[in-house]
Number of protein chains: 2
Amino acid sequence: MSLNEMNCLVAQSGGPTSAINSSLSGVIEASLENSSINTIYGAINGIQGVLRDEILNLSELFDKPSSINTLKTTPSMFLGSCRYKLPTQEDNLDEYKRIFAFFDKYNIKFFFYIGGNDSMDTVLKLNNYAVENNYDIRIMGIPKTIDNDLMDTDHTPGFGSAAKYVATTLLEISHDAYCYNIPSVTIVEIMGRNAGWLTAASALARNDYINTPDLIYLPEVAFCTNQFIADIKEIQKTKKNVIIAVSEGIKDETGQYISATAAPNDSFGHAQLSGTGHRLEQLIKESIDCKIRSVELNVLQRSAAHIASLTDIMEASEIAKKAVEFAVNGETGKMVTMHRTKNAPYTIEITTIPVSQVANKEKKIPREWINDKGNNVNQPLIDYIKPLIQGEVKTEFNNGLPTFFPITHLTQRNHY
Amino acid sequence: MSLNEMNCLVAQSGGPTSAINSSLSGVIEASLENSSINTIYGAINGIQGVLRDEILNLSELFDKPSSINTLKTTPSMFLGSCRYKLPTQEDNLDEYKRIFAFFDKYNIKFFFYIGGNDSMDTVLKLNNYAVENNYDIRIMGIPKTIDNDLMDTDHTPGFGSAAKYVATTLLEISHDAYCYNIPSVTIVEIMGRNAGWLTAASALARNDYINTPDLIYLPEVAFCTNQFIADIKEIQKTKKNVIIAVSEGIKDETGQYISATAAPNDSFGHAQLSGTGHRLEQLIKESIDCKIRSVELNVLQRSAAHIASLTDIMEASEIAKKAVEFAVNGETGKMVTMHRTKNAPYTIEITTIPVSQVANKEKKIPREWINDKGNNVNQPLIDYIKPLIQGEVKTEFNNGLPTFFPITHLTQRNHY
């Protein structure tokens, strides 16, 4: 390693998506091509890998285009993830010193952190430290989250693939539910934390013969149990099978989660939401006598790479390539964002915003995109999501199963 | 309708699969080509559609090859289903008279019932009545069930696609789980009633970098809670992330289901199994301090047509075509079956067996295909399932979503 070497580091953080490895591939491809960057390192398990000095040499691992292509359509995080909140400098200056000592050791001049709003908090803190201490490093955030809840970007990579999975699954569940000629209620619980974007994607399942989901409940509107039961009874006046899409993060008027689980918060203080569907199933059983089923899409919606959106996978790679370009051109403390310039034909422009605009904030669905009753979505919301689920990834299959990029370093580390 | 017309009737019954519409398409294609058969009718909601005189003219609906192809890869039941146990003649002779009056009215000379072991009970009873009363009709059973629990057939159509979904999903869940570097237990609850075939398919997710699931629990072996916790602790000595596949229908030594739900039995006296994973999640929480998640694959495993097995879809159609051929050649009271003549290359032969050998019976996994400890599967079981998940269906997509055959008649009927 020569003294003049300029290397880059990339890491992934937060919850998995089907597109986050495509962003990783974009960083690798752009860095391999960029003469300003020598070696590409990947930190294992996000910023914790930096603190533990656990890295991979990605320049060596991905020297073949075919391996990059397989990585693009491999779900979850190739580099592993973390949910670690970096302390403030006041609370733990030592961690900052260790991180920047690591940067020095490996001549890291560019750091790309792919993650959601919590990860952007890490980007912000590290960039502030670098600026205050005149460190020669450019730190960029690359967005990802199936929740689509990042501020100041049209949408987030990862959302389109999860939305495509949700809509496809809702359609398949509807075919399933309609085959029985008995009154039934099917509740489908969908992720998204405090934002309803992913649940709203269920409305894309509607076509000229199926109008499900019949009801959609989002965290943006306070959830009222009595109204919920009344809504179902109203639909049941004219329909046998009722299909409901519901966000894991719905809350009552007092701000309490409906979720049955009283699981402990994670290190960012977020409640672990799950069990909302089961809780509603119980509520309905107390008031309505019919077959009731709740389906929790669970981790499948964030890891079903075999049905990823081609638009999403392409954008995730594209936005990451741009991040490399912006960083080499001198930007730092920014997150790359997408700006929708047209809806028909769908066109985006990639630009940057200061990461302080994004960190620790949540973007919710505008109230006017939800119907007055708060139990369905309006057309503009459907029009907004539709372009993001277009196109199919050509997954390679071997022996009947999708071929993903091996995560040997993660599975080996998993053994003591 | 002339007096000499010979028409056929087809109906679907039991739980949905991704391949049961392919069997329907096989009946339609073979009947359209067969000069002995004039009109093809479909009864809506199985034998209940016969009792209610609710039918569709399938000859008219499927006069184009393109529509047949879309039907082949459409999940759930195009004709709708029922879970109706036909009474014995002693208990309700009138129902038999009504069913055969319906056959007379539409000149039905061939009746094909696509279903599982309960549906074969209906085939058996109707055929016995026909024989006893010298009715000129041939009644054939066409197997389907994701549970793969029918006697005297190598496997059942529907199983291969569900198995492919289960293995693919296990692989994707494993990529998801391994991205966090913290101790965790992930339980994946899989369908299959009292047989473990579908849960065993999870073992096909294993490859040269991932060896999950770590533990597999099947209904064929009595489930012991203490042993279960001990098994997990043993794995945790050497691995951080433990992934467990478990059948919804596991029972303790006394034959009691582990399932948390005390839901009422269905009309065939089967307990509604679901919640096993959640129950185990609770059990682990009482003994082990780590992140625990349970994932219930739920109806997705039987309706995820977008990842159906091509082998399964082709066989489902082929076996149904043979059923038409056998019936026209004079067989009745039979179920078509598959006999595996070779495993490499995988080859099957389609033949028939008396439906009495199948009705109301369940085929379990041989004990020697499960390991001694009862917490994993042996290689012969993996070798048996592997050929059944091979090949991918080319699902057509429109606007980002799979194109399925419209079930307008079911959705319209769903409205009062």
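Lettering follows sequence order; numbering is per chain, from 1.
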At a heavy-atom separation under 4.5 Å, does A/K237 approach chain B through its side chain, its backbone, both, or neither? backbone
Region of A/F404 in contact with chain B, defined by heavy-atom distances below 4.5 Å: both
Just one of B/I173, B/V188, B/T186 clears the side-chain contact (heavy atoms from CB on, under 4.5 Å) bar with A/V299, so which one? B/I173
Under 3.5 Å, is there a donor-acceptor pair between the side chain of B/D176 and the main chain of A/M77? no
Less than 4.5 Å to any heavy atom of chain B: does that hold for the side chain of A/F405, its backbone, both, or neither? backbone
Taking every non-hydrogen atom, the tightest pair across A/R413 and B/Y180: NH2-O, 4.2 Å
By a 4.5 Å heavy-atom criterion (distance strictly below it), what part of A/I407 contacts chain B: side chain, backbone, both, or neither? both
Heavy atoms, side chains only, cut-off 4.5 Å: are B/P16 and A/Y178 in contact? no
Ranking B/L410, B/L401, B/D208, B/L204 by heavy-atom pairs under 4.5 Å to chain A gives rank one to B/L401
Heavy-atom donor-acceptor pair, A/S81 side chain to B/C179 backbone, under 3.5 Å: no
Below 4.5 Å, heavy-atom pairs only: which of A/N398, A/L310, A/I389 has the largest tally toward chain B? A/I389
For the candidates B/A163, B/G80, B/G160, which exhibits the highest count of non-hydrogen atom pairs separated by less than 4.5 Å from chain A? B/G80
Can you say whether A/L388 sits under 4.5 Å from chain B via the side chain, the backbone, both, or neither, judging by heavy atoms? neither
Could you look at A/N399 and say if it's the side chain, the backbone, both or neither that has a heavy atom under 4.5 Å from chain B? both
Options B/H175, B/K240, B/E172, ranked by heavy-atom pairs under 4.5 Å with chain A, top entry: B/E172
Could you look at A/S309 and say if it's the side chain, the backbone, both or neither that has a heavy atom under 4.5 Å from chain B? neither
Looking at B/T311, B/I307, B/T395, which one has more heavy-atom pairs under 4.5 Å with chain A than the rest? B/I307
Cut-off 4.5 Å, heavy atoms of chain B, and the answer for A/A205 is backbone
Selection from B/T212, B/N181, B/N207 maximising heavy-atom pairs under 4.5 Å formed with chain A: B/N181
